[in-house]
Amino acid sequence: MPHATEFTPNDYPPFPNDPSLKTVELQTISLTKLLSEDASEQDRVFEACKTRGFFYLELAGCESGETILKGADEICAMAEEFFKLPMEQKEEQRMKEGQLDGYKRVGATVTDSSGTKDTAEFFNIAKNDLTLPASQSDKMSRSWPPLIMSHQPLLNAYMRAAHATGLHILALLAARLGIQPEDITSRHRLEHRSGDLVRLTRGPPRADPKMPEIQTPSHTDFGSITVLMNWLGGLQVWSESARKAGPLEPDSEGEWLWVKPKRGHAVVNLGDAMVRFTNGAVCSGRHRVVPAPGEQGTWPRFSVVYFVRPEDECILGRLEGEGVPPLPEGEVDEGLTAREWIMRQAKGLGTQFTDN
Ligand SMILES: O=C(O)CCC(=O)C(=O)O
Ligand SMILES: [Fe+2]
């Protein structure tokens, strides 16, 4: 029996307690402690970012954390409504060539070199549009559906909290690497154009108990830092930390490990831009999404992701800092802008921008 209301996290069964499911051990970092400049919490986050590039962020106890925690539930209820709209209405919001925002239907992305299609749909909502004051709605890059516009205050508050949280973490990593924190913050100004967005994703229940359908294919995130809220299992990380970007297949021996969802916590991970800025001092972990294991897999899986990305015109290259390794003799940065990098990676991930 399909579930009539799909996003009901209080009804979800727990992640299975099955020793054959290998899970990853991630550090749990308190946002409240980070915001109060707790040095040992900063040490732990720095360590997590130098190794796997993934950690749990405990959200309770501070205003921005509570905004994310409560906001994600409300945004997810909205996402359920959005994905229930007739396909023609969703397709009106289709992501077109050269765009990062909009709707991507099931199957628009290939997940492997033999062309297997993805099974999740997502909707990307642009930070630059939803954080505009109401008097400037005419400056929006597209006409967002009424469902989104009626939630603008919620999305605006969420985006600002997630952006500020991400930047706080990036700035402290910079400081630990001897990079001027302003060298990071000046490249991620909220009002400036960037590929920042909220992504709402819906993956269907597991169709085949053995073969995991791929909801989101293997990738590293393109931007600087990602704040992910999810309620069901399904996210997996590649066991070997790598510092090389690029879809689709992992380039090292290893295996997929489940990331257990943890109530009250975001999953935070670094993206490729931070690897570039730090010339590999920190890691951008490879991950993918499959349907949740066990009983959890009978539910559709939703996630709400905020991507903090560098400003469009920012050059992705090594920043100066005593903890940042030098480029090899004779090597220079490619000089790509963040926009060029993100568009290139989005294409490489296999997103097809076709009408069919
Ligand atoms: O849905 C998730 O849990 C993560 C999705 C993801 O990795 C992405 O959209 O980049
Ligand atoms: Fe991702």
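Start at 1 and go down the list; that is how both ligands and their atoms are numbered.
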* Asked: What pairs meet the salt bridge (charged side-chain N to carboxylate O under 4.0 Å, His left out) rule with one or both residues in residues 319-328, with sequence neighbours excluded?
  -> Arg318-Glu320
* Asked: Should Asp101 and Arg142 count as an ion pair when the cut-off is N to O under 4.0 Å?
  -> yes
* Structure fact -> Protein-side N, O or S atoms sitting under 2.8 Å from the Fe ion (ligand 2) are His219 NE2, Asp221 OD1, His287 NE2
* Asked: Is the Trp231-Phe302 ring centre distance short of 6.0 angstrom?
  -> no
* Taking 4.0 angstrom as the limit, do Glu340 and Arg344 come out as a salt bridge? -> no
* For Phe83, enumerate each residue passing the ring-ring contact (aromatic ring centres under 6.0 Å, His included) test, keeping only those at least two apart in sequence or located in another chain. => none
* Does a side chain donor of either Asp312 or Ser194 reach within less than 3.5 Å of an acceptor in the other side chain? -> no
Close N/O pairs between ligand 1 and protein, under 3.5 Å:
from: ligand 1; atom 1: 1 (O); to: Arg301; atom 2: NH1; distance (Å): 3.1
from: ligand 1; atom 1: 1 (O); to: Ser303; atom 2: OG; distance (Å): 2.7
from: ligand 1; atom 1: 3 (O); to: Arg301; atom 2: NH1; distance (Å): 3.3
from: ligand 1; atom 1: 3 (O); to: Arg301; atom 2: NH2; distance (Å): 2.7
from: ligand 1; atom 1: 7 (O); to: His219; atom 2: NE2; distance (Å): 3.2
from: ligand 1; atom 1: 7 (O); to: His287; atom 2: NE2; distance (Å): 3.0
from: ligand 1; atom 1: 9 (O); to: Arg199; atom 2: NH1; distance (Å): 2.8
from: ligand 1; atom 1: 10 (O); to: His219; atom 2: NE2; distance (Å): 3.0
from: ligand 1; atom 1: 10 (O); to: Asp221; atom 2: OD1; distance (Å): 3.2

* Asked: Does the Gln152 side chain pair with the main chain of Leu130, one donor and one acceptor, at a distance under 3.5 Å?
  -> yes
* With a 4.0 Å cut-off, would you call Lys104 and Asp118 a salt bridge? -> yes
* Is atom CD of Glu66 surrounded by more than 12 heavy atoms (other residues, nucleotides or ligands) closer than 6.0 Å? -> yes
